Amino acid sequence: MIRTRFAPSPTGYLHIGGARTALFSWAYARKHGGKFILRVEDTDLERSTQQSVQAILDGMQWLGLDCDEGPFYQMQRVERYQAVAEQLVNEGKAYRCYCTKEELDQMREAQRARGDKPRYDGRWRDSLQKPPPGVKPVIRFKNPEAGEVVWADQVKGPISISNGELDDLVLLRGDGVPTYNFGVVIDDLDMNITHVIRGDDHVNNTPRQINIYKALGATLPKFGHVPMILGHDGERLSKRHGAVSVMQYRDDGFLPEALVNYLARLGWSHGDNEKFSRDQLVEWFDLAHVSKSPARFDPDKLLWLNQQYMREAETPRLADLVQPFFAADQCSTDDGPALYAVIDLLRTRASSLRELADAAVFFYRPLEASAALRAQHYGADVRPAVEDLYKRLSSVVWNRAAINDVIKAVVGAHALKMPKLAMPLRVMVTGSTQTPSIDATLELIGKETVLARMSAELKQFPA
RNA sequence: GUCCCCAUCGUCUAGAGGCCUAGGACAUCACCCUUUCACGGUGAGUACGCGAGUUCGAAUCUCGCUGGGGACGCCA
């Protein structure tokens with residue numbers, strides 16, 4: 001039985017990188033009929049918050065990453081880590097270290113100055129000196145001094161690191177709280193994790209963890225390190241890159257299936273497939289086709305995918321989803337044309353719910369044209385045609401075909417080219433030059449409103 | 001600085017020695033459609049980082065260089 005997990009630390013929202021790691025881990029479990037476990041690594045007492053836990057849960061729920069077990073919290077398992085650490089000390093595989101933080105800082109600084117890789121020098125490893133008073137010791141792992149650690153990474157292939165590069169890492173802090181490298185090992189062991197799928201930034205931790213597994217006499221899980229996601233500029237993803245939180249994408253009007261599809265395709269591929277469903281992802285997913293190098297996040301491609309999904313989304317669902325965006329604009333869709341009809345007219349023109357709502361406001365509320373647009377389109381020469389159009393529209397049976405006939409008749413009667421009349425008409429009724437076809441737009445806005453807006457705007461024409 | 005990993009169009013990628021005069025997608029540009037803007041359709045330009053090998057043959061294998069990313073905490 002394959003068991004994977006996602007083990008975030010609750011020190012912020014669920015960001016794009018974490019979400020993709022979770023997605024891969026989830027997809028791997030689902031693909032193999034295994035279990036996906038959620039574990040909250042909250043051992044950083046300073047930075048962990050309940051809000052962050054909630055934010056991560058929310059993000060995962062929005063993306064549809066359902067877990068089979070958990071969430072488990074490491075802080076509820078501290079006795080367990082302490083017991084194992086104590087056991088390692090008793091077996092001579094770990095020891096207490098009484099260095100102060102200042103002492104360690106000093107040591108690292110000196111090493112850096114010498115151009116060495118900063119690492120603990122093992123001064124308490126086999127020390128017989130008396131513990132200094134008043135220092136709460138940490139428990140350090142006795143890392144093997146010789147040989148090398150090798151593993152077959154499920155995405156990167158074989159990786160080997162010499163033990164000479166590793167130092168004696170802290171297992172348990174002075175206050176008895178485990179460090180990351182110790183907590184993960186015990187938990188992955190206790191939770192029977194078979195495949196540790198995590199971010200690239202943990203590659204260097206893996207050999208340390210493997211040594212702990214070995215000291216415990218445990219069987220190793222498989223490790224797979226998925227590459228990082230970089231910002232559009234190739235830099236590490238940070239607040240500076242705008243939307244980094246998964247939930248921000250919801251708030252910006254993206255559909256979760258679009259983000260899932262995009263994230264899945266970023267750093268993983270299945271031939272030429274670009275757009276695929278969650279089920280297809282589960283069916284196709286494998287670690288072998290995960291890319292080995294970091295990928296840049298491309299907002300344009302996400303937008304394109306979102307547009308693809310919006311095109312085929314059920315209208316009632318889109319209506320529900322777009323409602324908050326109208327609310328944010330203080331635009332009520334209660335009066336005016338049916339929202340479903342508006343959505344169906346506009347859906348292929350928008351690549352996000354945000355854009356959809358923006359494009360729809362003039363159906364519900366008059367949008368004043370800019371002076372520049374008026375100047376450009378309200379010519380004295382078209383005024384007679386516009387007045388004529390107004391008159392004829394007043395008495396027409398209000399449907400698209402009839403409206404179209406009237407427009408064509410006026411164009412003919414005044415010897416105009418179509419855009420010469422259609423553009424000012426657009427600007428008058430919608431305040432914009434970019435709308436769906438004018439007859440469909442007018443039909444939907446409604447006769448009364450169209451005529452009212454026309455008559456108001458007629459006053460803006462030069463005499 | 002030390003260690004680890006990586007390297008195909010601007011971006012995401014296909015590619016497991018001959019199927020590659022390197023394929024797809026986003027973006028860009030052009031044309032078509034058109035009652036504006038979109039959508040849609042058609043097409044174009046654009047890549048195997050460099051240098052040595054191995055081989056009858058290399059984007060694919062080896063080595064070096066260069067470039068990029070990651071790590072070096074009583075953070076995770």
Side-chain angles (χ1 to χ4, degrees), chain A residues 7-11 41-44 46-48 74 97 99-101 104-105 108 111-120 136-140 153 156-157 159-162 164-167 169-175 177-181 183-184 198-207 225 227-228 230 232 234-236 262 265-275 288-289 291-305 307 311 346-351 359 377 404 407-408 411 417-423 425-427 432-439 441:
Chain A
S9 65
T11 54
E41 309 215 323
D42 53 356
T43 54
D44 185 342
E46 303 275 297
R47 299 190 299 151
S48 297
Q74 289 190 316
C97 163
C99 288
T100 61
K101 283 176 182 155
L104 293 171
D105 285 346
R108 290 197 190 95
Q111 288 163 333
R112 270 214 160 89
R114 259 181 283 137
D116 289 345
K117 183 175 186 166
R119 38 148 115 65
Y120 178 69
K136 284 227 168 182
V138 300
I139 292 181
R140 284 187 186 271
D153 197 275
K156 302 225 173 214
I159 299 179
S160 70
I161 295 176
S162 157
E165 294 297 326
L166 274 25
D167 62 2
L169 82 176
V170 172
L171 262 24
L172 227 51
R173 296 185 250 251
D175 61 3
V177 175
T179 59
Y180 163 73
N181 279 301
V184 244
R198 72 205 341 175
D200 213 346
D201 47 338
H202 287 299
V203 173
N204 293 272
N205 290 321
T206 304
H225 291 93
M228 319 240 73
L230 272 24
H232 195 229
E235 295 291 305
R236 196 188 178 124
Y262 178 73
R265 186 64 185 70
L266 187 64
W268 174 78
S269 59
H270 185 263
D272 286 341
N273 295 289
E274 296 289 346
K275 180 166 172 285
H289 288 85
S291 144
K292 295 180 184 182
S293 45
R296 296 183 190 212
F297 191 87
D298 182 1
D300 285 335
K301 192 159 180 179
L302 206 212
L303 229 30
W304 172 77
L305 262 176
Q307 184 182 65
R311 193 192 333 216
L346 295 174
R347 66 192 313 160
T348 60
R349 315 167 63 82
S351 40
H377 296 284
N404 193 271
I407 293 174
K408 284 199 171 130
V411 164
K417 290 248 202 277
M418 187 54 127
K420 188 73 183 163
L421 178 66
M423 291 312 283
L425 179 56
R426 263 200 183 83
V427 174
S432 163
T433 54
Q434 297 172 24
T435 79
S437 74
I438 192 66
D439 50 358
T441 304

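Just so it is clear, the model here is predicted, and its values are computed rather than measured. To find a chain, count down the sequence lines: A is the first, B the second, and so on, and within it residues start at 1. Scope of the values below: all heavy atoms of this structure, side chains included, with no hydrogens, waters or symmetry mates.
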Check your understanding: How long is the gap from CZ on A:Arg296 to NE2 on A:His232, to the nearest 0.5 Å?
Key ->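 Those atoms lie 8.0 Å apart.
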
**Study point:** Distance (rounded to the nearest 0.5 Å) between A:Thr441 OG1 and A:Arg426 CZ
**Key:** 6.5 Å

**Study point:** NZ/A:Lys420: more than 12 non-hydrogen atoms of other groups inside 6.0 Å
**Key:** no

So, do [X] and [Y] sit near enough that their side-chain heavy atoms are less than 4.5 Å apart?
| X | Y | answer |
| --- | --- | --- |
| A:Lys275 | A:Arg265 | no |
| A:Thr206 | A:Asp153 | no |
| A:His202 | A:His225 | yes |
| A:Pro10 | A:Ser48 | yes |

Review point. Which sits closer to the 5' end of RNA chain B, A:Ser160 or A:Ala422, going by the nucleotide each is nearest to?
Key: A:Ser160

Study note, to complete from the structure: When A:Pro419 and A:Glu165 are each assigned the nearest nucleotide of RNA chain B, the 5'-most assignment goes to A:Glu165

Nucleotide [N], atom [atom2] - distance to [atom1] of [X] in whole Å:
| X | N | atom1 | atom2 | result |
| --- | --- | --- | --- | --- |
| A:Leu305 | B:A27 | CG | P | 10 Å |
| A:Leu230 | B:C6 | CG | C1' | 12 Å |
| A:Lys292 | B:G68 | NZ | P | 21 Å |
| A:Lys275 | B:G24 | NZ | C1' | 16 Å |
| A:Leu425 | B:U36 | CG | P | 14 Å |

Below 3.5 Å is the cut-off: list the nitrogen or oxygen pairs between protein and nucleotides 71-74 of chain B, distance only.
residue	atom	partner	partner atom	Å
B:A71	OP1	A:Arg236	NH1	3.4
B:A71	OP2	A:Arg236	NH1	3.2
B:A71	O4'	A:Asn204	ND2	3.1
B:C72	O2'	A:Pro118	O	2.7
B:G73	OP2	A:Arg108	NE	3.0
B:C74	OP1	A:Arg108	NH2	3.0
B:C74	OP2	A:Arg108	NH2	3.2
B:C74	O3'	A:Arg173	NH1	3.2
B:C74	O2	A:Gly174	N	3.2
B:C74	N4	A:Cys99	O	3.0

Between [M] and [N] - [atom1] atom distance, rounded Å:
| N | M | atom1 | result |
| --- | --- | --- | --- |
| B:G68 | B:G49 | C1' | 11 Å |
| B:C33 | B:U46 | P | 28 Å |
| B:C50 | B:U11 | P | 15 Å |
| B:U13 | B:A59 | C1' | 14 Å |
| B:G69 | B:C74 | C1' | 28 Å |
| B:U21 | B:A16 | C1' | 22 Å |

Does [N] pair with anything, Watson-Crick or G-U wobble, both distances under 3.5 Å, and if so, with which nucleotide?
| N | result |
| --- | --- |
| B:G57 | none |
| B:G1 | B:C72 |
| B:U46 | none |
| B:C26 | B:G10 |
| B:G40 | B:C32 |
| B:G51 | B:C63 |

Practice item. Decide yes or no on side chain to side chain contact (heavy atoms under 4.5 Å, CB included) for A:Leu302 and A:Phe297, but give the supporting numbers first. Key: CA-CA 9 Å; A:Leu302 206 212; A:Phe297 191 87; 4.0 Å; yes

Can you check nucleotides 40-42 of chain B for protein contacts, nitrogen or oxygen pairs under 3.5 Å, and list what you find?
residue	atom	partner	partner atom	Å
B:G40	OP1	A:Arg311	NH2	2.9

Review point. Between A:Ser162 and B:C3, does any side-chain N or O lie under 4.0 Å from OP1 or OP2?
Key: no

Give a yes or no answer on whether the side chain of [X] reaches the backbone of [Y] with a donor-acceptor pair at less than 3.5 Å.
| X | Y | answer |
| --- | --- | --- |
| A:Asp439 | A:Asn404 | no |
| A:Asn181 | A:Leu171 | no |
| A:Glu41 | A:Tyr180 | no |

**Study point:** salt bridge (charged side-chain N to carboxylate O under 4.0 Å, His left out) between A:Asp167 and A:Arg140, intermediate numbers included
**Key:** CA-CA 9 Å; A:Asp167 62 2; A:Arg140 284 187 186 271; 5.4 Å; no

Review point. Do A:Thr433 and A:His377 have side-chain N/O donor and acceptor atoms under 3.5 Å apart?
Key: no

What nitrogen or oxygen pairs link the protein and nucleotides 12-17 of chain B at under 3.5 Å?
residue	atom	partner	partner atom	Å
B:C12	OP1	A:Arg296	N	3.1
B:C12	O2'	A:Arg265	O	3.3
B:C12	O2	A:Lys301	NZ	3.4
B:U13	OP1	A:Gly267	N	2.9
B:U13	O3'	A:Ser269	OG	3.1
B:U13	O2'	A:Arg265	NH2	3.0
B:A14	OP1	A:Ser269	OG	2.9

